[in-house]
Amino acid sequence: MENKRVQIFDTTLRDGEQVPGCKLNTKEKVIIAKKLEDLGVDVIEAGFPISSPGDYQSVQEICKSVSKTVVCALSRAVEKDIKIAGEALKYANNPRIHTGIGTSNYHILYKFNSTKEKIIERAILSVKYAKKFVEDVEFYAEDAGRTENCFLAKVCESVIKYGATVINIPDTTGYCLPEEYGEKIRFLKENVKGIHKVTLSTHCHNDLGLATANSLFGIMNGAQQVECTINGIGERAGNTSLEEIVMIIKQNSHLNMFTNINTKLISSTSRLVSECTGMNIQANKAIVGVNAFSHSSGIHQDGVIKKRETYESINPEDIGINNSSIILTARSGRAALNYRYKKLGFFLNKNSLNLVYSIFLKHADKKKEITDKELKIILEKANLNNKMLYISDRRNCNHKKINVM
Ligand code: KIV
Ligand code: ZN
C-alpha cells in the first residue's frame, strides 16, 4: 500500500494570531513565514487582508519572502474581502484564496438571518469571484462540525462545481467527537460528487482538547490536509497543534502516511513563535513543552539513563533537541545524581556518591530543583569537613583525592 502524503496547512499567522494578547508585526510575521517554509509546511495562511492595512501589508510581504510554499489569504464570502485578498496575494508564486461562509443552523439563522438556499448561492458566488483572481480557491464551511452532513455535502458539491480546489471542514467550536468528525469526512468522501478532484481539509479547534484527535480521525477517514498552528495557538482553546499531528504521523508508520515536515526544526520553530507572540508554552505541552523530555522521579531517571526508550516513545533528536533532561529533585535517585555529576566531569565512586547523595537530599528537600551550580556547591561543601574520599576520574584514568563531608 502506497503511503499517503498529508499536506500541512499552517495558520499560525492567521487563526493563531487572532488570540487575545498575541500581536505580531509585519517583520515578525515574515521571519515566522520563512521559518515555516524551512520547516516544510505546504501552505502558509498569511492573514486576513481586509481586516486591517497592517494585515494586508503582512500578507504582501510574506508573498515576496517565500518562494515554494503556497501563500493563502482569508476572506469572508464577500466580494470586497475577496478582491482585497486577491490583491494582497499578487506577489505570491503560489497564491490561494480561502473563502467561505457559515453552514450550521446557528450561523444561517442567527448570524445571517438567511436560508440554506441563499447560503449555497453566496458560497457559489464567492468561489466564482475568487477564481477571477487565483486558480487555487479553498472553500470553508464554517461550523461544519455542527452542520448536518446532508446539507454540508450539498454545499461542498456546489462549490466544487464552480472550481473550488480545496474543501475545508472546520469544527469551528471544537464540538465534535473524533469518531463523529471522522464519519463526517467519510460521509463527504462517499457522497459528494467531484470530491476526488479536490483536497479535503480538516480544521479543528481545541475547546474540548480534541483538536488533534479530530484531525487524526479526519485524515484516517480520507482528508488529505490538516490545518494547524505552531504550539496549538488559536481562537479560544486553540487549533490543532502542528507538532502533535506531525509527530503522530511520524511515530505511527502503520498509518501509512507522511508529511513534508523537517521535524528537526520543530523545537526551534516552536520557540521562535513563542518568543515573537509572547505566548508562553505550557510546561507539559506535548512535544514542545519544557517538561516533554524531562525526567525527575528516581525510577524514571534510572530507566532513561539505562535506556532512553524505557520512558520515552519519541526521540527528542527527532524534533531538534539534543538530550532528554534529567531534573534533580528530592524524588531523584543516586543514578540521576551520578549522571549529572558525570556530565559536569565528576566521576564519583560508590562511597563518594552515597555521601554526596545524602547532602544532596537535604538540599533538594528544601528546593524544587537542584542546578549544576548547586551541585558544585554541594561538592565544595563536602570539602569543608576535611574527610578524605576518592572520586575516580575515568576520563584521565587516575584518581583525584578530594575532601568531602
Ligand atoms: O474555525 C474556523 O471556522 C475558521 C474558518 C474561518 C476557516 O477559522
Ligand atoms: Zn479556525
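Any value given below was found using the heavy atoms of this structure, including those in side chains, with hydrogens, waters and symmetry copies removed.
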Original post:
Ion pair present between Asp38 and Lys34, side-chain N to carboxylate O less than 4.0 angstrom?
Top reply: no
Original post:
Which residues satisfy the side chain to side chain donor-acceptor pair (under 3.5 Å) test with Ser296, sequence neighbours excluded?
Top reply: none
Original post:
What residues form a side chain to side chain donor-acceptor pair (under 3.5 Å) with Lys367, not counting sequence neighbours?
Top reply: Glu374
Subject >> By salt bridge (charged side-chain N to carboxylate O under 4.0 Å, His left out) - contacts of Lys184 (at least two apart) >> reply: none
Original post:
Step by step, would you call Glu244 with Lys285 a salt bridge (charged side-chain N to carboxylate O under 4.0 Å, His left out)?
Top reply: CA-CA 10 Å; Glu244 290 173 16; Lys285 166 80 182 63; 2.6 Å; yes
Original post:
Listed by chain and number, what are the side chain to side chain contact (heavy atoms under 4.5 Å, CB included) partners of Ser114, not counting sequence neighbours?
Top reply: Ile108, Phe112, Lys118, Ile119
Original post:
How would you list, by chain and number, every residue that makes a ring-ring contact (aromatic ring centres under 6.0 Å, His included) with Tyr129, sequence neighbours excluded?
Top reply: Phe133
**OP:** Can you see which heavy atom on Leu177 is nearest to which on Asn214, and at what distance?
**Re:** C-OD1, 3.3 Å
Original post:
By salt bridge (charged side-chain N to carboxylate O under 4.0 Å, His left out), which residues pair with Lys35, not counting sequence neighbours?
Top reply: none
**OP:** Quick one: list whatever passes side chain to side chain contact (heavy atoms under 4.5 Å, CB included) with Lys23, sequence neighbours left out.
**Re:** Glu17
**OP:** Please assess Lys83 against Glu87 for the test salt bridge (charged side-chain N to carboxylate O under 4.0 Å, His left out), listing each intermediate value before the final yes or no.
**Re:** CA-CA 6 Å; Lys83 182 168 179 283; Glu87 284 168 8; 3.2 Å; yes
Original post:
How are the rings of His295 and His300 set to each other: parallel, tilted or perpendicular (split at 30° and 60°)?
Top reply: tilted
Subject >> Residues Glu190 and Arg186 bridged, charged N to O under 4.0 Å >> reply: yes
**OP:** List for me each residue that meets salt bridge (charged side-chain N to carboxylate O under 4.0 Å, His left out) alongside Glu183, sequence neighbours excluded, and say none if there are none.
**Re:** none
Original post:
Ala88: what forms a side chain to side chain contact (heavy atoms under 4.5 Å, CB included) with it, not counting sequence neighbours?
Top reply: Pro49, Tyr56, Val59
Original post:
With the threshold set at 4.0 Å, does a side-chain nitrogen-carboxylate oxygen contact exist between Lys116 and Glu148?
Top reply: yes
Original post:
Excluding sequence neighbours, so at least two apart, what forms salt bridge (charged side-chain N to carboxylate O under 4.0 Å, His left out) with Glu61?
Top reply: Lys64
Subject >> Under 3.5 Å: donor-acceptor pair, side chain of Thr147, backbone of Ser104 >> reply: yes
Subject >> From Tyr162 atom OH to Phe139 atom CZ, the distance as rounded to the nearest 0.5 Å >> reply: 13.5 Å
**OP:** Taking side chain to side chain donor-acceptor pair (under 3.5 Å) as the test, write out the residues that go with Thr26, two or more places apart.
**Re:** Ser58
Subject >> Set of side chain to side chain donor-acceptor pair (under 3.5 Å) partners for Asp372, sequence neighbours left out >> reply: Arg340
